[in-house]
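Read the structure below first, then the notes.
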Amino acid sequence: MAPWQARAIDVDFQSKMPPGWLDAKPPVDESLDKQLIRKILLSAKGLSYNFVLINHTKAMQLTLQQTNSCMAGVLASPERRQLYHFSKAFILVQGMHLYVLKGSAWQKKLTAMQNEGKVSILNTWSKDARALLGLDYERSYGAELDPLVRDPAMAKYLYQKQSGVGIGDLWPMLKQKRVDMILEYPFLLPPDYEALLTGYPVAEAEPDTAAYFACHKGPVGERIIKRLDEAIAELVLDEEYLRLQLEQVEPQYHRAFLQTYHQLMAEP
């Protein structure tokens, strides 16, 4: 047996979770991604964890540099796959929604502009609306959305928060009308805000988005990913694991979501 198999591999998670997160009692309102990450890490064999609470940019830098460093809940792209080892997909969520206050002028405008229940960022905010849009400046929003929301000509219509704990501050800012819209995933909508806001699926976003673990692109990172993949493969088709994700999906999208989920999670 090789030395690395004889003891647990020490993993430094550059994450949104503080030190001691995995050992602490989960909060009642813990977000879906953290619930699933918790299940996987507790199921994975031969790994021990340290959690470092930092922003997304720093997390990517450290994961490039440190041989035992990983990130959780990362979107995959061809460029990122060149830089990191990626796990199997462990979560599938509905794609980006544009959120506005119910009863606001922006809700009325978006309702009038929607097409088959979706709104286009190109035809609303980036062309005519001129609303103040809140988003995470460190996040990639996808190949179609990034050029629209990162257009320098639109900078004065953006309110950008840094990834991490502070990103949750955008919800109260929308409630207080300090921003007009928020671009966010439905699973991150706090329960207390569900009655206050209306979310519209965004035409330029993928209907569903998968997230992964990403680790240092070296032999240690590859071994860590192997252990995580084993745990993911055991969990993704578990009834409770799937139920947690389906609860976050609007009923009219259940059938399409389940089809995508089974296709994605069945990948070798």
Side-chain angles (χ1 to χ4, degrees), residues 13 15-17 26 29-47 70-82 84-99 115-119 139-146 183-189 191 194 199-215 221-268:
F13 267 105
S15 67
K16 297 181 289 185
M17 291 82 83
D29 60 348
E30 187 168 57
S31 63
L32 172 64
D33 56 338
K34 291 183 181 178
Q35 290 183 61
L36 300 186
I37 290 168
R38 184 185 296 276
K39 286 180 177 290
I40 293 166
L41 298 188
L42 291 174
S43 298
K45 297 176 175 62
L47 301 176
C70 296
M71 301 177 286
V74 181
L75 301 189
S77 67
E79 295 77 16
R80 288 179 177 178
R81 287 187 179 278
Q82 293 295 317
Y84 308 101
H85 284 303
F86 273 81
S87 71
K88 297 175 180 292
F90 74 87
I91 183 175
L92 186 70
V93 297
Q94 281 188 277
M96 284 285 172
H97 280 38
L98 194 62
Y99 286 95
N115 181 21
E116 297 182 352
K118 296 183 178 182
V119 296
R139 179 190 288 167
S140 170
Y141 288 86
E144 286 193 58
L145 274 177
D146 278 345
L183 195 57
E184 192 52 279
Y185 291 108
F187 84 92
L188 291 173
L189 174 64
E194 290 179 3
Y200 299 88
V202 175
E204 292 88 356
E206 292 294 328
D208 305 302
T209 302
Y212 307 76
F213 292 94
C215 295
E222 187 175 14
R223 293 166 190 156
I224 295 168
I225 289 294
K226 182 179 179 181
R227 304 293 180 89
L228 294 172
D229 276 348
E230 291 170 354
I232 293 169
E234 291 180 0
L235 286 168
V236 290
L237 298 180
D238 175 78
E239 184 177 339
E240 169 68 9
Y241 193 94
L242 177 54
R243 180 188 64 79
L244 288 170
Q245 295 173 80
L246 198 58
E247 284 180 347
Q248 310 295 319
V249 179
E250 294 158 308
Q252 64 268 34
Y253 301 115
H254 278 193
R255 185 173 182 178
F257 179 89
L258 284 170
Q259 183 177 2
T260 302
Y261 184 92
H262 286 290
Q263 289 174 345
L264 179 68
M265 301 309 182
E267 289 184 350

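These numbers come from the heavy atoms of this one structure, side chains and all, not from hydrogens, waters or symmetry mates. Model, not experiment: these values are computed from the prediction.
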Minimum heavy-atom distance between [X] and [Y], given as atom pair plus value:
X	Y	answer
P186	Y99	CA-OH, 3.0 Å
L228	A44	CD2-CB, 4.3 Å
G95	H97	O-ND1, 3.0 Å
R227	K45	NH1-O, 3.0 Å
V119	E204	O-OE1, 4.2 Å
A89	L264	CB-CD2, 3.7 Å

- Take F213 and I40, measure what side chain to side chain contact (heavy atoms under 4.5 Å, CB included) needs, and give me the verdict at the end. CA-CA 10 Å; F213 292 94; I40 293 166; 3.8 Å; yes
- Query: Should K16 and D33 count as an ion pair when the cut-off is N to O under 4.0 Å?
  - Reply: yes
What's the spacing between [X] [atom1] and [Y] [atom2] if we round to 0.5 Å?
X	Y	atom1	atom2	value
K88	Y212	NZ	OH	11.0 Å
N115	Y200	CG	OH	13.5 Å
L246	H254	CG	NE2	4.0 Å
L237	M265	CG	CE	8.5 Å
L92	F257	CG	CZ	4.0 Å

Should [X] and [Y] count as side-chain neighbours, where that means a heavy-atom distance under 4.5 Å?
X	Y	result
L242	H262	yes
F86	I225	no
P201	Y253	yes
C70	Y84	no
L47	L41	no
H85	I224	no
F13	M71	no

Main-chain N/O of [Y] paired to [X] side chain as donor or acceptor, under 3.5 Å:
X	Y	result
D146	Y141	yes
Y241	F90	yes
Q94	E250	yes

- Query: Can you tell me if Q245 and Y261 form a side-chain donor-acceptor pair at under 3.5 Å?
  - Reply: yes
Within a reach of under 6.0 Å around [atom1] of [X], are more than 12 heavy atoms found that belong to other residues, nucleotides or ligands?
X	atom1	answer
R255	CZ	no
E230	CD	yes
Q82	CD	no

- Go through R80 and L75 one step at a time and tell me if the side chain to side chain contact (heavy atoms under 4.5 Å, CB included) criterion holds. CA-CA 9 Å; R80 288 179 177 178; L75 301 189; 3.8 Å; yes
- Go through the steps for E30 and I37 under the test side chain to side chain contact (heavy atoms under 4.5 Å, CB included), then give the verdict. CA-CA 11 Å; E30 187 168 57; I37 290 168; over 6 Å; no
